[in-house]
Amino acid sequence: MFEKQILIPSAEEILAEQPLPEPLKKIKRSRDDLCKDVIAGRSDKLLVIVGPCSAHESKPVLEYVRRLGRLAARVEDKLVLVPRIYTNKPRTKGVGYKGMFSQPDPEHGEDILRGIRTIRDLHLHAIEESGLSAADEMLYPENYAYVEDVLTYVAVGARSSENQMHRLVSSGIETPVGIKNPMGGSIPVLLNSIYAAQSPQVFKYRDYQVSTQGNEYAHAVLRGQVDSYGNDIPNFHYETVMQVYEGYNAGGGELKNPAIVVDANHSNSGKCFRQQIRIVEEVMQNRVYDGDFKRAVKGFMIESFLVEGNQKHDTVFGKSITDPCLGWEDTERLILDIAEKV
């Protein structure tokens, strides 16, 4: 039984109510092109998607993004920095805080309409104040329409990468989509997901039959895997990266733009957030010694916030209330180190 609670306006109505101003549209278009150029190999820069595990409150996120904007200007000749403004939070058991989209106040219950307006306001201010358009996870494909005009990068999570609707919607997105390997770590499943996202599709989306041209910028994100006993198994090492790269090339050109982004946290780090520094350093070292590895790895995902670690309730400004994150000082040093080694 479904109890109707609140009628949610259409995405078209919300976008008309809170439009992206033309000056910010120009910024986003420019940043979209930067990201596409990295994924397609037209640029030698690296892509770094970095920010809190989940954006639970606007003020600390905006402070973080402002700092990242200043840092981006220092490394713009080597890196493309994309802030994580993740507003939908997947839950392993399906209960708990589900992100700002559903709960604009994490201490209170769901208020989806207020959440939608809150995250659009956050994105508009983030671009305006930092010059950076953001990344978010497409946890629920129909929700994507409410932010499709403000995002430069879209992630499909490990729990969603085998889902047909996520694959189909990815095929119509005009910005890079990073598809994570499934929880079990299957490389063939990952590559099949990328193939589906890169292919033209026809399907029902919201109220219409729609057709897409395919998204040639859909690519792999390696986030580690979880075995049948719940153990984390990393997959950022040289051998796995090269297996994925070889899988890209095995189809005789069926897959475009072979690109891999390494997620330095999650099962690659065992959620030991400080290990992200070591993981990034190892990947950067492998880029030095192998040309194919360097061509394959286009960037990183890093979980980071103003204050390191995490907390159960929002008491410390700029500290994650979900997974633990690197603090700002370590993040800044890590990004400068990446830029130096590109």
Side-chain angles (χ1 to χ4, degrees), residues 35 38-39 41 43-53 64 67-68 70-84 135 153 155 158 178 180-181 185 187 219-226 231-246 258-310 320 323-342:
C35 289
V38 172
I39 297 302
S43 168
D44 291 331
K45 297 178 183 180
L46 279 183
L47 185 64
V48 181
I49 299 106
V50 58
C53 174
Y64 182 93
R67 294 186 190 185
L68 198 67
R70 293 191 292 270
L71 182 57
R74 297 171 60 186
V75 298
E76 64 183 357
D77 58 331
K78 297 292 184 67
L79 306 178
V80 178
L81 302 187
V82 179
R84 285 174 56 110
Y153 187 96
K180 294 192 176 185
N181 61 263
I187 300 306
H219 60 275
V221 178
L222 298 182
R223 52 86 67 202
Q225 67 187 80
V226 180
N231 299 309
D232 291 314
I233 301 173
N235 63 5
F236 65 89
H237 297 303
Y238 175 86
E239 292 78 10
T240 308
V241 169
M242 295 311 297
Q243 285 176 1
V244 176
Y245 189 60
E246 290 164 8
I260 297 167
V261 170
V262 172
D263 180 347
N265 212 11
H266 297 98
S267 290
N268 273 330
S269 69
K271 294 190 178 180
C272 298
F273 65 94
R274 290 191 186 91
Q275 290 297 315
Q276 295 181 99
I277 299 171
R278 176 187 61 81
I279 290 165
V280 169
E281 288 179 350
E282 178 180 319
V283 172
M284 291 302 295
Q285 194 71 8
N286 284 335
R287 291 182 88 246
V288 171
Y289 287 107
D290 190 293
D292 285 340
F293 189 98
K294 182 176 181 178
R295 279 185 285 275
V297 175
K298 304 296 187 181
F300 298 97
M301 288 184 175
I302 299 167
E303 291 196 325
S304 150
F305 211 0
L306 298 176
V307 179
E308 74 170 22
N310 63 344
S320 174
D323 289 349
C325 299
L326 288 175
W328 176 254
E329 291 77 14
D330 283 336
T331 301
E332 184 176 44
R333 281 194 295 269
L334 179 58
I335 288 173
L336 291 173
D337 186 57
I338 295 171
E340 188 176 323
K341 294 177 179 177
V342 171

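Being a predicted model, the structure only gives us computed values, none of them experimental.
Atoms OH and CD, from Tyr238 and Gln243 in turn, are 11.0 Å apart once rounded to the nearest 0.5 Å. Atom CD of Gln275 sits about 10.5 Å away from atom CG of Leu326, to the nearest 0.5 Å. With values rounded to the nearest 0.5 angstrom, Ile233 atom CD1 is found 9.5 Å from Asn235 atom CG. In this structure, Asp77 CG and Asp44 CG are separated by 12.0 Å, a value rounded to the nearest 0.5 Å. Once rounded to the nearest 0.5 Å, the distance linking CD1 of Ile277 with CD of Glu281 reads 7.0 Å. Going from atom NZ of Lys45 over to atom CG of Leu81 covers 10.0 Å, rounded to the nearest 0.5 Å.
You'll find the side chain of Glu282 stays beyond 4.5 Å of the side chain of Ile279, heavy atoms only. Contact of the Asn286 side chain with the Val241 side chain is not registered, since no non-hydrogen atoms from C-beta on lie closer than 4.5 Å. Between Val50 and Phe300 the shortest side-chain heavy-atom distance does not fall below 4.5 Å. Counting heavy atoms from C-beta outward, Val261 and Met301 have side chains that approach closer than 4.5 Å. Here the side chains of Glu303 and Lys271 are not in contact, with every heavy-atom distance at 4.5 Å or above.
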CA sep, side-chain torsions, deciding dist, call: Arg274, Glu308, salt bridge (Lys or Arg N to Asp or Glu O under 4.0 Å): CA-CA 9 Å; Arg274 290 191 186 91; Glu308 74 170 22; 2.4 Å; yes
Stepwise side-chain hydrogen bond (donor to acceptor under 3.5 Å, both in side chains) test for Ser320 and Asn310: CA-CA 5 Å; Ser320 174; Asn310 63 344; 5.7 Å; no
Verdict with reasoning, Arg333 to Asp337, per salt bridge (Lys or Arg N to Asp or Glu O under 4.0 Å): CA-CA 6 Å; Arg333 281 194 295 269; Asp337 186 57; over 6 Å; no
Derivation of the side-chain contact (heavy atoms from CB on, under 4.5 Å) call for Val226 and Asp232: CA-CA 5 Å; Val226 180; Asp232 291 314; 3.7 Å; yes
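With hydrogens and angles ignored, the 3.5 Å screen pairs a side-chain donor or acceptor of Asn268 with a backbone N or O of Leu222. Side chain of Asn181 to backbone of Gly224: a donor-acceptor contact under 3.5 angstrom is found. Under the 3.5 Å distance criterion, the side-chain polar atoms of Arg84 are left unmatched by any main-chain donor or acceptor of Ala135. Distance alone, capped at 3.5 Å, places no donor-acceptor pair between the Glu332 side chain and the Glu329 backbone.
In this pair, Tyr64 and Trp328 present their aromatic rings perpendicular. The plane angle is above 60°, beyond the 30 to 60° band.
Residues Gln276 and Asn265 approach most closely at OE1-CB, 3.4 Å, considering heavy atoms. Summarising the geometry of Leu68 relative to Val82, their closest heavy-atom pair is CD2-C, 4.4 Å, with the distance given to 0.1 Å. Between Leu46 and Gly299, the shortest heavy-atom distance links the atoms CD2-N, 3.8 Å. What you find for Val280 and Ala264 is that their closest heavy atoms are CG2-CB, 4.1 Å. Between Cys325 and Phe273 the shortest heavy-atom distance is O-CD1, 3.3 Å. Annotation for Gly178 and Tyr153: closest pair CA-OH, 3.2 Å, computed over non-hydrogen atoms.
Counted within 6.0 Å of NZ on Lys294, heavy atoms from surrounding residues, nucleotides or ligands total 12 or fewer; the atom is thus considered open.
Two rings, from Phe236 and His266, have their centers 6.0 Å or more apart.
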